[in-house]
A.B. asks: 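Before we start, here is the structure in question, set down as structure tokens.
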Amino acid sequence: MSLPDLSEARTIAAQALTPAAFAGFGDVIVAEAGGSTPINQGTAQRFDDLTALDVSEQGGTACVAIFRTQDGAHVAPYRLTVFERHVLGSQTFVPLAQGRCLAVLAHGDDAPDESAIAAFIVEPGQGITLKRGVWHHPLITIGGADVLVIERRAAHADCEIRRVEGQFVVAL
């Protein structure tokens, strides 16, 4: 099987994840100094309310899962193939240990707006919560990784998928 010719693909540069740059898509989860409370006789710090989960629409409940990718599962430059969105609930991604992942996102109503795709590198010590309805590429990790995912679970799946019309790759 031959790989597609990506010489005409538009390259999207992945940017550093900051709360300001990410605000239109959701929340950045990070433990910030000054926003904590000492616990456990002072041996730990507790950081509360780092994001809001939005999963209860139509009887949904929170589901905590780990998505595991193997080293080599995703190879740079990262070719974009499909976008998905969840209109009934938020979705949270937190890479574990030294894992890193890419959040590739777009706004749009019935389909992702391919003219304004954004990509962010989610580093160790960070996480993200996508607002409901945000178009995003399925999980891409930079190397093998375990990623903690919190999402809505209900009797009916909440996942719309659209194929990418143009040719795009994400570069680090």
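No hydrogens, no waters, no symmetry mates; every other heavy atom, side chains included, goes into these values.
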A.B. asks: Any chance you could measure Thr141, atom OG1, to Arg68, atom CZ, to the nearest 0.5 Å?
C.D. replies: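 Atom-to-atom, Thr141:OG1 and Arg68:CZ are 11.5 Å apart.
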A.B. asks: I need the Asp146 CG to Thr69 OG1 distance, nearest 0.5 Å.
C.D. replies: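 If we round to the nearest 0.5 Å, Asp146:CG and Thr69:OG1 are 7.5 Å apart.
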A.B. asks: Once rounded to the nearest 0.5 Å, what's the spacing between atom OG1 of Thr51 and atom CG of Asp27?
C.D. replies: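 Output value for this atom pair is 3.5 Å.
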A.B. asks: Going by the rule side chain to side chain contact (heavy atoms under 4.5 Å, CB included), which residues pair with Arg100 if we only count those two or more places apart in sequence or in a different chain?
C.D. replies: Ile121, Glu123, Pro124, Ile142, Leu172
A.B. asks: Pairs in or reaching into residues 127-145: which pass salt bridge (charged side-chain N to carboxylate O under 4.0 Å, His left out), with residues at least two apart or in two chains?
C.D. replies: Asp54-Arg132, Glu57-Arg132
A.B. asks: Can you measure from CD (Gln126) to OG1 (Thr18) and round to the nearest 0.5 angstrom?
C.D. replies: 9.0 Å
A.B. asks: Within the structure provided, determine whether Val164 and Thr81 are in side-chain contact (heavy-atom separation under 4.5 Å).
C.D. replies: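 No; the side chains remain at least 4.5 Å from each other.
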A.B. asks: For Arg46, what residues pass the side chain to side chain donor-acceptor pair (under 3.5 Å) criterion, not counting sequence neighbours?
C.D. replies: Asp48
A.B. asks: Can you list every salt bridge (charged side-chain N to carboxylate O under 4.0 Å, His left out) pair that touches residues 160-172, not counting sequence neighbours?
C.D. replies: Arg85-Glu160, Glu160-Arg162
A.B. asks: Other members of the hydrophobic cluster containing Leu88, with the 4.5 Å side-chain heavy-atom rule, please.
C.D. replies: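 Under the 4.5 Å side-chain rule, Leu88 groups with Val87.
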A.B. asks: State, to 0.1 Å, how close Ala145 and Gly99 come at their nearest heavy-atom pair, and which atoms those are.
C.D. replies: CB-CA, 3.9 Å
A.B. asks: Linking I/L/V/M/F/W/Y whenever their side-chain heavy atoms sit closer than 4.5 Å, directly or via other members, would Val104 and Val147 fall into one cluster?
C.D. replies: no
A.B. asks: Is any side-chain heavy atom of Val169 closer than 4.5 Å to a side-chain heavy atom of Leu80?
C.D. replies: no
A.B. asks: To the nearest 0.5 Å, tell me how far Ile12 CD1 sits from Tyr78 OH.
C.D. replies: 14.0 Å
A.B. asks: Test your reading of the model: is there a side-chain donor-acceptor pair from Asp113 to the backbone of Ser115, 3.5 Å cut-off?
C.D. replies: yes
A.B. asks: Apart from Ile39 itself, what residues make up its hydrophobic cluster, given side-chain heavy atom links below 4.5 Å?
C.D. replies: none
A.B. asks: Taking the side chain as everything from C-beta on, heavy atoms only, tell me whether Thr92 gets closer than 4.5 Å to Ile128.
C.D. replies: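 When only atoms from C-beta onward are counted, Ile128 and Thr92 do not touch, as no gap falls below 4.5 Å.
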A.B. asks: Could you pull out the closest heavy-atom pair between Gly60 and Ala154, with the gap in Å?
C.D. replies: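 Taking Gly60 first and Ala154 second, the nearest heavy atoms are CA-CB, 4.1 Å.
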A.B. asks: Going by ring pair (Phe, Tyr, Trp, His ring centres under 6.0 Å), name the residues that satisfy it together with His86, two or more places apart in sequence or in a different chain.
C.D. replies: His136
A.B. asks: For Leu139 and Phe67, which heavy atoms make the closest approach, and how far apart are they?
C.D. replies: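 Looks like CD2-CB, 3.8 Å.
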A.B. asks: How long is the straight-line distance from CZ of Arg153 back to OG1 of Thr61, given to the nearest 0.5 Å?
C.D. replies: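 One finds 5.5 Å between OG1 of Thr61 and CZ of Arg153.
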A.B. asks: Report the residues that fulfil side chain to side chain donor-acceptor pair (under 3.5 Å) with Asp71, sequence neighbours left out, ordered by chain and then residue number.
C.D. replies: none
A.B. asks: Considering only heavy atoms from C-beta outward, does the side chain of Val82 approach that of Pro138 to under 4.5 Å?
C.D. replies: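 Counting from C-beta outward, Val82 and Pro138 do come under 4.5 Å.
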A.B. asks: Tell me whether Thr129 contacts the main-chain N or O of Gln91 through its side chain, where contact means a donor paired with an acceptor under 3.5 Å.
C.D. replies: no
A.B. asks: Quick check: closest heavy atoms across Ala103 and Val122, and the distance to 0.1 Å?
C.D. replies: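 Smallest heavy-atom distance, with atoms named: CB-CG2, 4.4 Å.
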A.B. asks: Kindly indicate whether the side chain of Phe168, heavy atoms from C-beta on, has any atom under 4.5 Å from the side chain of Glu114.
C.D. replies: yes
A.B. asks: Under the side chain to side chain donor-acceptor pair (under 3.5 Å) rule, collect the residues that match up with Asp158, sequence neighbours excluded.
C.D. replies: none
A.B. asks: I would like to know whether Val170 and Leu102 meet side chain to side chain contact (heavy atoms under 4.5 Å, CB included); could you show each step before the answer?
C.D. replies: CA-CA 9 Å; Val170 176; Leu102 288 176; 3.9 Å; yes
A.B. asks: Is the His107 to Phe25 ring centre distance short of 6.0 Å?
C.D. replies: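 Centroid distance His107-Phe25: below 6.0 Å, so yes.
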A.B. asks: Could you work out, with side chain to side chain contact (heavy atoms under 4.5 Å, CB included) as the rule, every residue matching Leu50, not counting sequence neighbours?
C.D. replies: Ile29, Phe47
A.B. asks: Any chance you could lay out the side chain to side chain contact (heavy atoms under 4.5 Å, CB included) test for Ile150 and Leu53, step after step, and finish with the verdict?
C.D. replies: CA-CA 8 Å; Ile150 305 170; Leu53 299 180; 3.8 Å; yes
A.B. asks: So do the side chains of Phe83 and Ile161 get within less than 4.5 Å of each other, counting heavy atoms only?
C.D. replies: no
A.B. asks: State which residues pass ring pair (Phe, Tyr, Trp, His ring centres under 6.0 Å) with Phe120; sequence neighbours excluded, sorted by chain then number.
C.D. replies: Phe22
A.B. asks: Determine the minimum heavy-atom distance between Thr11 and Ala171, stating which atoms define it.
C.D. replies: CG2-CB, 3.8 Å
A.B. asks: Can you find a heavy atom in the side chain of Cys63 that is under 4.5 Å from one in the side chain of Arg152?
C.D. replies: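 No, side chains not in contact.
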A.B. asks: List in chain and number order the residues that pass side chain to side chain donor-acceptor pair (under 3.5 Å) with Gln15, two or more places apart in sequence or in another chain; answer none if no residue qualifies.
C.D. replies: none
A.B. asks: Does some side-chain heavy atom of Phe93 sit less than 4.5 Å from a side-chain heavy atom of Leu130?
C.D. replies: yes
A.B. asks: Verify the cluster assignment for Val134 and Val149: are they in a single hydrophobic cluster under the rule of side-chain heavy atoms below 4.5 Å apart?
C.D. replies: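 Yes, one cluster joins them.
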A.B. asks: Of the non-hydrogen atoms in Thr43 and Asn40, which two are nearest, and what is the gap between them?
C.D. replies: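 Closest pair (atom of Thr43, atom of Asn40, distance): OG1-O, 2.8 Å.
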